[in-house]
There are 2 protein chains.
Amino acid sequence: MKFDDKIPIYYQIKNYIYRQIITGKLVPGEKIPAVRQLAVDLTVNVNTVQRALGELISEGILESRRGLGNFVTEDQAIIDQMKHRLIIQQLHEMYMNLHNLNVTDDEIVQYLRQYIEDRRKHQDEQYS
Amino acid sequence: MKFDDKIPIYYQIKNYIYRQIITGKLVPGEKIPAVRQLAVDLTVNVNTVQRALGELISEGILESRRGLGNFVTEDQAIIDQMKHRLIIQQLHEMYMNLHNLNVTDDEIVQYLRQYIEDRRKHQDEQYS
DNA sequence: TATTGTGTATTAGTAAGATATAACACTAGG
DNA sequence: CCTAGTGTTATATCTTACTAATACACAATA
């Protein structure tokens, strides 16, 4: 996995697990890969994985059962909250950053539409 | 100034200067505050400021005149490019993060509209 | 009960960012 | 020429994130 060297790896792993759960690649109650396996898959150290998982456990996203593994919470409400929180967080960060550049609300929406449109065009080009 | 401890300070200072220029708080040709003054204002070390300014100079945003100070480029084209780059960068980051959570293009626009609307409401509450 | 697979914890070492401090190089103005 | 204000560079030290290696704790099962 490729990491952004401007952000701590353990933090990026947290978000990776979030993604796996939200997109259904990991379902409620499911056992996630063993810490040593994750370390290999992500080509990082076990301690780094553990640090990420530790925070997820604190947040109630994961449950740890010593000797058995780490499991996704069965509480769907927690997962739903997490998804909503992540979405708002993303929007907020982007919004504030553009707002601080004196970009107005309408312009932000406009720029986003333009971005999405441009993105579609570039995708189309791959098939033409 | 408050910094996000997940991102290098020198990097956040770079973006701070970008903002100052884009929002016109620093205009083309203008002398920016002395490095030692910036260090005091931002409550960081001179070397940290210098690292940020060094990169801005490399990018052509600033021009350094030894013994005189650092000056904003007079080349408006560079500034315009910088602004455009920053906006796209922000949108791209947000877009990819939500896209990776299986949020569709339309949903992203929808969520953004909702976010802006909620934000307006909360502002109104302050004056009611 | 011995082994294997799992989570957890500890210790030591490395690298990057940030700090404190100091020195050096250049410019303008008295 | 000297001083004050500026950018630039260097050294040592500290902290945090990350790594490496090892050991310990618990559960399932042959």
Side-chain angles (χ1 to χ4, degrees), chain A residues 1-18 20-21 25-74, chain B residues 1-18 20-21 25-74:
Chain A
M1 184 168 165
K2 46 181 172 13
F3 294 105
D4 181 342
D5 65 6
K6 295 280 189 304
I7 304 171
I9 294 176
Y10 81 90
Y11 195 77
Q12 297 180 62
I13 293 176
K14 265 186 73 174
N15 283 297
Y16 169 74
I17 305 288
Y18 282 145
Q20 298 288 302
I21 295 175
K25 293 189 184 70
L26 290 173
V27 301
E30 184 177 358
K31 176 179 177 298
I32 75 171
V35 288
R36 290 173 182 80
Q37 188 57 48
L38 275 175
V40 171
D41 294 348
L42 304 173
T43 59
V44 298
N45 189 271
V46 175
N47 296 316
T48 307
V49 172
Q50 192 64 27
R51 176 159 183 186
L53 298 190
E55 296 200 0
L56 292 168
I57 291 165
S58 299
E59 295 172 14
I61 308 294
L62 296 182
E63 284 179 24
S64 169
R65 298 184 214 155
R66 199 186 186 97
L68 293 179
N70 292 301
F71 299 80
V72 179
T73 179
E74 308 237 20
Chain B
M1 183 169 165
K2 48 180 172 13
F3 293 105
D4 181 342
D5 65 6
K6 297 278 190 305
I7 303 171
I9 293 176
Y10 81 91
Y11 194 78
Q12 296 180 62
I13 293 176
K14 265 185 74 173
N15 283 296
Y16 169 74
I17 306 287
Y18 282 145
Q20 298 288 302
I21 296 175
K25 294 188 183 70
L26 291 172
V27 301
E30 182 177 358
K31 177 179 176 298
I32 75 171
V35 289
R36 290 174 184 79
Q37 187 57 47
L38 275 176
V40 171
D41 295 347
L42 304 174
T43 60
V44 297
N45 190 270
V46 176
N47 294 317
T48 306
V49 172
Q50 192 64 23
R51 175 156 183 188
L53 298 190
E55 296 200 1
L56 291 167
I57 291 164
S58 298
E59 294 170 16
I61 309 293
L62 297 181
E63 284 179 25
S64 167
R65 298 184 214 156
R66 199 186 187 99
L68 293 179
N70 291 302
F71 299 80
V72 179
T73 179
E74 308 238 19

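Chain A is the first sequence line, chain B the second, and so forth, proteins listed ahead of strands; every chain is numbered from 1.
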Given atom [atom1] of [X] and atom [atom2] of [N], what is their separation to the nearest angstrom?
X       : N      : atom1 : atom2 : result
B:Tyr10 : C:dA16 : OH    : P     : 11 Å
B:Phe71 : D:dT6  : CZ    : P     : 10 Å
B:Asp5  : C:dA16 : CG    : P     : 20 Å
B:Asn47 : D:dT15 : CG    : C1'   : 16 Å
A:Leu62 : C:dT6  : CG    : C1'   : 15 Å
A:Arg51 : C:dT10 : CZ    : C1'   : 16 Å
A:Gln50 : D:dC18 : CD    : C1'   : 15 Å
A:Asn45 : C:dT8  : CG    : C1'   : 13 Å

Picking from [options], which would you name as closest to the side chain of [X]?
X       : options               : answer
A:Ile9  : C:dT19, D:dG7, D:dC18 : D:dC18
A:Asn70 : C:dA25, D:dA27, C:dT8 : C:dT8
A:Val46 : C:dT19, C:dT8, D:dT8  : C:dT8

Original post:
Can you list the steps and then say if A:Ile61 with A:Ile17 is a side-chain contact (heavy atoms from CB on, under 4.5 Å)?
Top reply: CA-CA 10 Å; A:Ile61 308 294; A:Ile17 305 288; 5.6 Å; no

Original post:
Stepwise, does the side-chain contact (heavy atoms from CB on, under 4.5 Å) test hold for B:Ile32 with B:Val72?
Top reply: CA-CA 7 Å; B:Ile32 75 171; B:Val72 179; 3.9 Å; yes

Original post:
What's the verdict on side-chain contact (heavy atoms from CB on, under 4.5 Å) for B:Tyr18 and B:Leu56, showing C-alpha distance, side-chain angles and the deciding distance?
Top reply: CA-CA 9 Å; B:Tyr18 282 145; B:Leu56 291 167; 3.6 Å; yes

**OP:** Between A:Pro33 and B:Pro8, just flag the one whose closest nucleotide in DNA chain C comes earlier from the 5' side.
**Re:** A:Pro33

Subject >> Non-hydrogen side-chain atoms of A:Tyr10 and A:Asn47 separated by less than 4.5 Å >> reply: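 A:Tyr10 does not reach A:Asn47 side chain to side chain.
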
Original post:
So do the side chains of B:Tyr16 and B:Gln20 get within less than 4.5 Å of each other, counting heavy atoms only?
Top reply: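 Sidechains of B:Gln20 and B:Tyr16: in contact.
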
Original post:
More 5' along DNA chain D: A:Gln12 or A:Leu68, using each one's nearest nucleotide?
Top reply: A:Gln12

**OP:** Using only side-chain N and O atoms of A:Thr48, determine if any of them is under 4.0 Å from OP1 or OP2 of D:dT19.
**Re:**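 The answer is yes; a side-chain N or O of A:Thr48 sits under 4.0 Å from OP1 or OP2.
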
Original post:
Counting only distance, no hydrogens or angles, is the base of D:dG7 paired donor-acceptor with the side chain of B:Arg36 under 3.5 Å?
Top reply: yes

